[in-house]
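In this text the structure is predicted, and so the values were computed from the model without any measurement. Protein chains get the first letters and strands the later ones, always in sequence-line order, with residue 1 at the start of each.
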Amino acid sequence: MKAKYRILEVVNTPSLVGKTITINAWVRTKRESKNVAFVALNDGTVFDNLQVVIDVQKFDEELLKNISTGAGVGVTGKLVESQGKGQALEMVADSIVLYGPADPTTYPLQKKGHSLEFLREIAHLRFRTNTFGAVFRIRHHMAFAIHQFFDNKSFKYLHAPIITGSDAEGAGEMFHVTNFDLDHIPRTEDGKINFSEDFFGKETNLTVSGQLEGELAALALSEIYTFGPTFRAENSNTSRHLAEFWMIEPEMAFYDITDNMDLAEEFLKYLVNYALQNCRKDLQFLNDMYDKELINRLERVVQTPFVRLTYSQAMDVLLQSGKKFEFPVKWGVDLQSEHERFLVEEHFKNSVILTDYPREIKAFYMKQNDDGKTVKAMDVLFPQIGEIIGGSQREEDYDKLLARINEMGIPHKDMWWYLETRKFGSVPHSGFGLGFERLLLFVTGMKNIRDVIPFPRTPQNAEF
RNA sequence: UCUCCCUUAGCUCAGUUGGUUAGAGCAUCUGACUGUUAAUCAGAGGGUCCAAGGUUCAAGUCCUUGAGGGAGAGCCA
């Protein structure tokens with residue numbers, strides 16, 4: 001018979017009451033009096049702690065002294081209904097194994113609250129807090145839900161390359177990938193770096209987007225998605241940017257911009273609803289501790305249709321609002337954060353999808369509208385965090401795409417394969433990118449993106 | 001990269017107009033307590049006031065520079 005259980009199972013298996021089992025976990029707190037001690041154990045499998053009741057007389061004094069906050073222990077005992085309030089079940093300890101003590105005078109985590117900034121500096125230990133246990137359990141469930149959503153729709157999970165030889169997407173500054181001895185970098189006769197001698201025989205970088213490769217696959221498999229790490233070497237110092245983050249990029253053949261919007265909205269609602277259904281305890285904790293409106297906001301997103309309007313219509317709303325903006329509103333300039341926030345948080349009080357942006361402020365691959373001025377772009381704007389999804393219908397017309405590439409001075413040698421898909425069997429298609437950590441910001445109510453990824457990489461910081 | 005704010009005990013923070021020996025809560029340690037829930041009660045220990053330089057009889061406090069952190073902006077997801 002199985003004797004070793006996780007707290008998740010203890011919480012969800014009422015029939016275990018009366019049984020003697022073993023729990024391996026870490027000590028959260030200990031409360032002691034002369035004859036009895038109470039130890040709260042947590043193994044991270046679920047938000048709940050398991051209270052262990054210890055008859056002080058039955059155990060070695062030195063052992064009990066080492067059962068302090070942070071210690072790793074295995075406790076065997078009988079599960080009983082709790083005499084005290086605050087928990088339904090508790091365990092009466094028969095034996096205790098101390099795997100590893102945690103010296104209370106140097107262990108940094110205390111019973112009381114710590115600031116998120118301090119916990120960021122001890123990212124190797126912050127998993128052991130209620131907050132980060134909740135955040136990273138939710139992160140897991142969201143990743144799983146993403147695969148489930150697409151699998152339900154028969155989308156194929158595509159692994160786009162992480163090392164890329166093209167700098168064509170222009171999504172941002174890239175990290176170089178090289179095998180050169182940095183003290184002796186080969187040069188050509190005219191003094192430039194000789195990439196032909198490098199590992200790949202050409203200049204290579206870490207990917208800033210898997211979209212272009214995703215399109216190639218979609219134009220054969222019909223519907224695909226990527227979900228992988230993405231790298232931007234921008235010197236961005238904000239609570240919404242990381243140098244290394246995870247991105248989901250679906251790409252669908254035979255989808256126009258409206259199909260694309262429908263999918264994005266369904267996708268986001270599925271994920272938020274999944275969290276509400278499957279991460280309730282963790283969400284409730286985050287709601288109580290950090291953001292009293294969190295669960296209300298999540299429920300509202302699931303229930304309310306997103307507002308859809310064009311960039312031009314949004315311009316009219318902004319102009320007619322009579323509101324003074326730091327950056328003046330004018331057709332043709334990109335929307336600033338303050339404009340997006342006004343639309344989402346003040347005017348519509350709802351999630352918004354904006355479409356048909358001026359072509360000059362959007363990427364080369366977006367499908368050009370007949371008006372000659374706008375492209376079939378779409379951005380999904382969320383309360384609190386702004387742009388959560390950016391996407392578009394792609395330009396499938398070879399001549400128009402080529403003209404745009406020339407216009408923007410993008411080198412053909414990097415793009416020949418992308419252009420060929422428009423030469424052979426080109427069809428209408430669309431896609432978008434969702435920043436995984438931005439989704440998590442929204443779902444968890446955390447305010448800083450560094451607190452929803454285990455080990456954040458930002459300018460001047462790659463610790464751990 | 002720009003603007004603003006912060007840096008004092010392990011943690012979170014007070015510290016007045018520049019003025020004697022820099023404080024509190026929590027944590028830690030010691031003791032008390034028959035079932036606790038951020039247990040409670042009593043006591044103890046704990047400081048390079050971020051760094052360097054400067055002004056002054058006197059600097060945690062004022063000035064300059066630097067480092068680290070945060071918020072907002074730009075770039076974007």
If I pick the [atom1] atom on [M] and the same atom on [N], what distance separates them, to the nearest angstrom?
N: B/rU7; M: B/rG60; atom1: P; result: 15 Å
N: B/rG54; M: B/rC11; atom1: C1'; result: 33 Å
N: B/rU28; M: B/rG46; atom1: C1'; result: 9 Å
N: B/rC2; M: B/rG23; atom1: C1'; result: 38 Å
N: B/rU55; M: B/rA59; atom1: C1'; result: 10 Å
N: B/rU64; M: B/rC57; atom1: C1'; result: 23 Å
N: B/rG25; M: B/rU3; atom1: P; result: 41 Å
N: B/rG15; M: B/rA9; atom1: P; result: 15 Å

Which listed nucleotide ([options]) is nearest to the side chain of [X]?
X: A/Val53; options: B/rC75, B/rA73, B/rG35; answer: B/rG35
X: A/Pro104; options: B/rG74, B/rU28, B/rC33; answer: B/rU28
X: A/His114; options: B/rC33, B/rC11, B/rG74; answer: B/rC11
X: A/Asn448; options: B/rG74, B/rG70, B/rG35; answer: B/rG70
X: A/Lys65; options: B/rG74, B/rU30, B/rU12; answer: B/rU30
X: A/Lys34; options: B/rG35, B/rU28, B/rU34; answer: B/rU34
X: A/Arg341; options: B/rU36, B/rU12, B/rG72; answer: B/rG72
X: A/Arg120; options: B/rU36, B/rG70, B/rA73; answer: B/rG70
X: A/Thr105; options: B/rC76, B/rU12, B/rU28; answer: B/rU28
X: A/Asn35; options: B/rG74, B/rU12, B/rU34; answer: B/rU34

Need one value for [X]: base, sugar-phosphate or nothing, where a base atom within 4.0 Å counts as base even if backbone is also close, heavy atoms only.
X: A/Gln110; answer: base
X: A/Glu387; answer: sugar-phosphate
X: A/Ile388; answer: sugar-phosphate
X: A/Pro108; answer: nothing
X: A/Ser82; answer: base
X: A/Glu90; answer: base

Please determine whether a side-chain nitrogen or oxygen atom of [X] lies at a distance below 4.0 Å from atom OP1 or OP2 of [N].
X: A/Gln51; N: B/rU36; result: no
X: A/Arg240; N: B/rA73; result: yes
X: A/Arg450; N: B/rG70; result: yes
X: A/Ser239; N: B/rG72; result: yes
X: A/Ser115; N: B/rU12; result: yes

Between [Y] and [X], is there a salt bridge with N-O shorter than 4.0 Å?
X: A/Asp94; Y: A/Lys78; result: no
X: A/Lys373; Y: A/Asp356; result: no
X: A/Asp256; Y: A/Lys367; result: no

Point-to-point distance, once rounded to the nearest 0.5 Å, from CZ of A/Arg240 to CZ of A/Arg450: 11.0 Å
Rounded distance (Å) that lies between atom P of B/rG70 and atom CE of A/Met446: 15 Å
Centroid separation A/Phe267 to A/Phe150 less than 6.0 Å: yes
Aromatic ring proximity, centroids under 6.0 angstrom, A/His147 and A/Phe227: yes
5' priority, RNA chain B, between A/Met247 and A/Glu338 [closest heavy atom]: A/Glu338
Along RNA chain B (nearest heavy atom to each residue), the more 5'-positioned of A/Phe327 and A/Phe245: A/Phe327
Are any protein N/O atoms closer than 3.5 Å to N/O atoms in nucleotides 1-8 of chain B? If there are, list each pair with its distance.
from	atom 1	to	atom 2	distance (Å)
B/rU1	OP1	A/Asn235	ND2	2.4
B/rU1	O4	A/Asn235	O	3.4
B/rU1	O4	A/Asn237	N	3.3
B/rU1	O4	A/Asn237	ND2	3.0

Test item: side-chain donor near acceptor, A/Gln211 and A/Tyr365, under 3.5 Å: yes
Among A/Tyr157, A/Phe149, A/Phe436, the one residue meeting ring pair (Phe, Tyr, Trp, His ring centres under 6.0 Å) with A/Tyr225: A/Tyr157
Residues, nucleotides or ligands: over 12 heavy atoms within 6.0 Å of A/Lys330 NZ: no
Flag if over 12 foreign heavy atoms under 6.0 Å of NE2, A/His176: no
Pair pattern of RNA chain B in dot-bracket, where unpaired bases get dots and | marks partners in another strand, Watson-Crick or G-U under 3.5 angstrom: (((((((..((((.....[...)))).(((((.......))))).....(((((..]....))))))))))))....
Within-4.5 Å side-chain heavy-atom neighbours: A/Leu219 and A/His429: yes
With a 3.5 Å cut-off and sequence neighbours excluded, list the donor-acceptor pairs that the side chains of residues 136-145 of chain A form with protein atoms.
from	atom 1	to	atom 2	distance (Å)
A/Arg137	NE	A/Asp282	OD1	3.4
A/Arg137	NE	A/Asp282	OD2	3.0
A/Arg137	NH1	A/Gly44	O	2.9
A/Arg137	NH2	A/Asp282	OD1	2.9
A/Arg139	NH1	A/Glu437	OE2	3.0
A/Arg139	NH1	A/Val452	O	2.9
A/Arg139	NH2	A/Glu437	OE2	3.1

